[in-house]
Amino acid sequence: ASSKPPAAGAQAWELASPELREPARFALEMYNRGRAAGTRAALGAVRGRVRRAGRGSLYSLKATLVEPPCNDPTVCQLPVSKKTLLCSFEVLDELGKHMLLRRDCGPVDTKTTGAGRAPGWFSPASPLFQLSPDDRNETFSSFLPLLNKDPLPQDFSVKMASIFKDFVTTYNRTYDSQEEASWRMSVFANNMVRAQKIQALDRGTARYGVTKFSDLTEEEFRTIYLNPLLKDAPGRNMRPAQPVTDV
Amino acid sequence: PPPQWDWRNKGAVTNVKDQGMCGSCWAFSVTGNVEGQWFLKRGTLLSLSEQELLDCDKTDKACLGGLPSNAYSAIRTLGGLETEDDYSYRGRLQTCSFSAEKAKVYINDSVELSKNEQKLAAWLAKNGPVSIAINAFGMQFYRHGISHPLRPLCSPWLIDHAVLLVGYGNRSAIPFWAIKNSWGTDWGEEGYYYLHRGSGACGVNIMASSAVIN
């Protein structure tokens with residue numbers, strides 16, 4: 001890994017692990033958010049790249065996380081002694097303020113890959129750790145169209161922060177702590193990506209974007225506002241209505 | 001059926017309500033239907049109590065969800081619905097405090113409606129707003145316009161939100177259903193959601209029902 005970053009606006013470059021520590025720690029913090037002590041995942045190996053983004057840096061990290069043993073049978077359906085996850089994170093660091101833009105995790109089957117590592121884990125050429133072109137396109141260009149231009153726009157995160165600020169003002173949001181606020185901002189940014197994807201795939205005239213639910217994760221929204229019984233429970237039989245003959 | 005219809009301008013629909021942080025959409029969908037039925041049969045538009053259903057409909061699960069078909073049955077068993085004012089909404093499960101003396105409306109039966117959207121439109125135009133349940137895909141970020149998600153994204157089999165059909169029509173040749181939601185007026189188009197009509201979008205035709213008042 002080269003230790004001296006090239007000039008702003010150049011392509012991403014490999015990092016030495018000490019430089020990854022901060023963004024990796026923030027990503028782990030966000031991943032463990034809301035978990036009680038003893039149930040939090042631990043960080044394994046990390047590698048990543050950084051790309052200058054205006055006044056800050058955009059880190060693309062690939063990391064392994066180790067989940068603790070699952071002791072509570074009511075929580076885990078399949079008792080697993082330990083589970084290693086392979087995650088990719090995008091963390092924006094601007095003047096020391098971090099924002100998680102993206103998180104994707106999936107289990108790495110320790111039995112097949114042996115010793116908890118994917119083959120070629122440390123070889124830079126390993127396909128597991130390259131940002132695949134569609135990865136790159138899907139995340140950066142669909143949500144952040146301005147990112148297509150190099151260098152990144154000066155005010156990208158300022159723009160996101162100002163949109164989030166409008167949201168907080170419009171819907172009169174309050175958060176208990178700075179940490180909560182930064183978590184909600186990262187959820188908000190993630191939701192902007194989701195909204196834009198839904199927009200791109202809608203065949204009608206609907207417009208999707210910021211709503212009063214934009215700082216909720218999909219899981220929170222689904223749990224709080226939706227009604228799983230509708231698809232699960234049969235409900236009572238009702239007789240069919242008489243067809244309408246004359247309107 | 002007529003080319004368009006809207007029960008909101010015929011006095012059959014109360015103001016948009018807000019279920020708050022509670023999965024009680026099923027109760028709002030049913031009260032909305034019964035409000036319409038009572039208006040068309042008795043000529044009075046009353047805003048009816050969802051909290052009574054949350055507390056006293058023991059078959060359903062209050063904020064954890066419920067089914068319109070169960071709710072109609074509960075209304076019949078209880079003996080009717082109180083008004084919103086008499087049994088006001090709290091957004092969480094409480095002890096049932098229904099009193100039959102205070103019930104202002106009753107229902108006699110409930111029916112399942114056709115899955116054919118043409119027939120459904122005809123039934124709505126003749127008989128009043130319809131309780132339905134849809135897949136809420138995209139609704140978290142919906143702002144306005146006629147929603148028409150790709151079918152695989154909005155599967156008719158993953159129904160998870162109950163709402164009320166109050167009308168239908170066309171906007172620049174795109175057929176739509178006008179849907180009263182229960183997320184307050186600061187969501188969507190003043191609380192309403194517009195969904196493509198005629199393609200079974202998001203399962204709009206899968207779980208249509210109504211109370212019957214003789």
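If you're wondering where the values come from, they're calculated on a predicted model, not measured in any experiment. Chain letters run A, B, ... following the sequence lines, proteins first, then strands; residues in each count from 1.
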Practice task
Count the heavy-atom pairs under 4.5 Å between each of A/Leu226, A/Asp202, A/Asp232 and chain B, then report the option with the highest count.
Solution key: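 Most heavy-atom pairs under 4.5 Å with chain B: A/Asp202.
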Exercise for the section: Count the heavy-atom pairs under 4.5 Å between each of A/Gly204, A/Ser214, A/Pro243 and chain B, then report the option with the highest count. Expected result: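 The answer is A/Gly204.
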Practice task
Please flag which part of A/Gln242 lies under 4.5 Å from any non-hydrogen atom of chain B: side chain, backbone, both or neither.
Solution key: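 When you check distances to chain B, only backbone atoms of A/Gln242 fall under 4.5 Å.
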Problem - Residue A/Phe221 versus chain B: region with a heavy atom under 4.5 Å - result: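 For A/Phe221, side-chain heavy atoms alone lie under 4.5 Å from chain B.
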Around [X], counting heavy atoms of other residues, nucleotides and ligands shown, do more than 12 lie under 6.0 Å from its [atom1]?
{"X": "A/Glu180", "atom1": "CD", "value": "yes"}
{"X": "B/Glu190", "atom1": "CD", "value": "no"}
{"X": "B/Lys58", "atom1": "NZ", "value": "yes"}

Between [X] (side chain) and [Y] (backbone), is there a donor-acceptor pair under 3.5 Å?
{"X": "B/Ser69", "Y": "A/Asn237", "value": "no"}
{"X": "A/Lys212", "Y": "B/Trp183", "value": "yes"}
{"X": "B/Arg143", "Y": "A/Val210", "value": "yes"}

Practice task
Would you mind telling me which of B/Asn70, B/Val212, B/Asn135 has the largest number of heavy-atom pairs within less than 4.5 Å of chain A?
Solution key: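 Of the candidates given, the most pairs with chain A belong to B/Asn70.
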Handout entry: Closest-packed option against chain A by number of heavy-atom pairs under 4.5 Å, given B/Trp157, B/Tyr72, B/Trp26, B/Phe141
Key =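 Maximum pair count with chain A is reached by B/Phe141.
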Least distance between heavy atoms, [X] atom then [Y] atom:
{"X": "B/Leu113", "Y": "A/Ala241", "answer": "CD2-CB, 3.3 Å"}
{"X": "B/Pro149", "Y": "A/Arg203", "answer": "O-NH2, 3.4 Å"}
{"X": "A/Leu229", "Y": "B/Leu64", "answer": "CG-O, 4.1 Å"}
{"X": "A/Lys231", "Y": "B/Ile159", "answer": "CB-O, 3.3 Å"}
{"X": "A/Glu218", "Y": "B/Gln140", "answer": "CA-OE1, 4.1 Å"}

Side chain to side chain, [X] and [Y], heavy atoms closer than 4.5 Å:
{"X": "A/Met238", "Y": "B/Asp109", "answer": "no"}
{"X": "B/Lys61", "Y": "A/Asn227", "answer": "no"}
{"X": "A/Leu230", "Y": "B/Pro68", "answer": "yes"}

Atom group of [X] that falls short of 4.5 Å from chain A, counting heavy atoms:
{"X": "B/Cys22", "value": "backbone"}
{"X": "B/Phe176", "value": "neither"}
{"X": "B/Ser210", "value": "neither"}
{"X": "B/His196", "value": "neither"}
{"X": "B/Asn116", "value": "neither"}
{"X": "B/Ala136", "value": "side chain"}

Exercise for the section: Establish, from distance only, whether the side-chain atoms of A/Tyr208 and B/Ser147 form a donor-acceptor pair under 3.5 Å. Expected result: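 Distance-only check passes for A/Tyr208 and B/Ser147.
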Practice task
May I ask you to say whether B/Asp160 pairs ionically with A/Arg222, meaning some side-chain N is under 4.0 Å from a carboxylate O?
Solution key: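 A salt bridge links B/Asp160 with A/Arg222.
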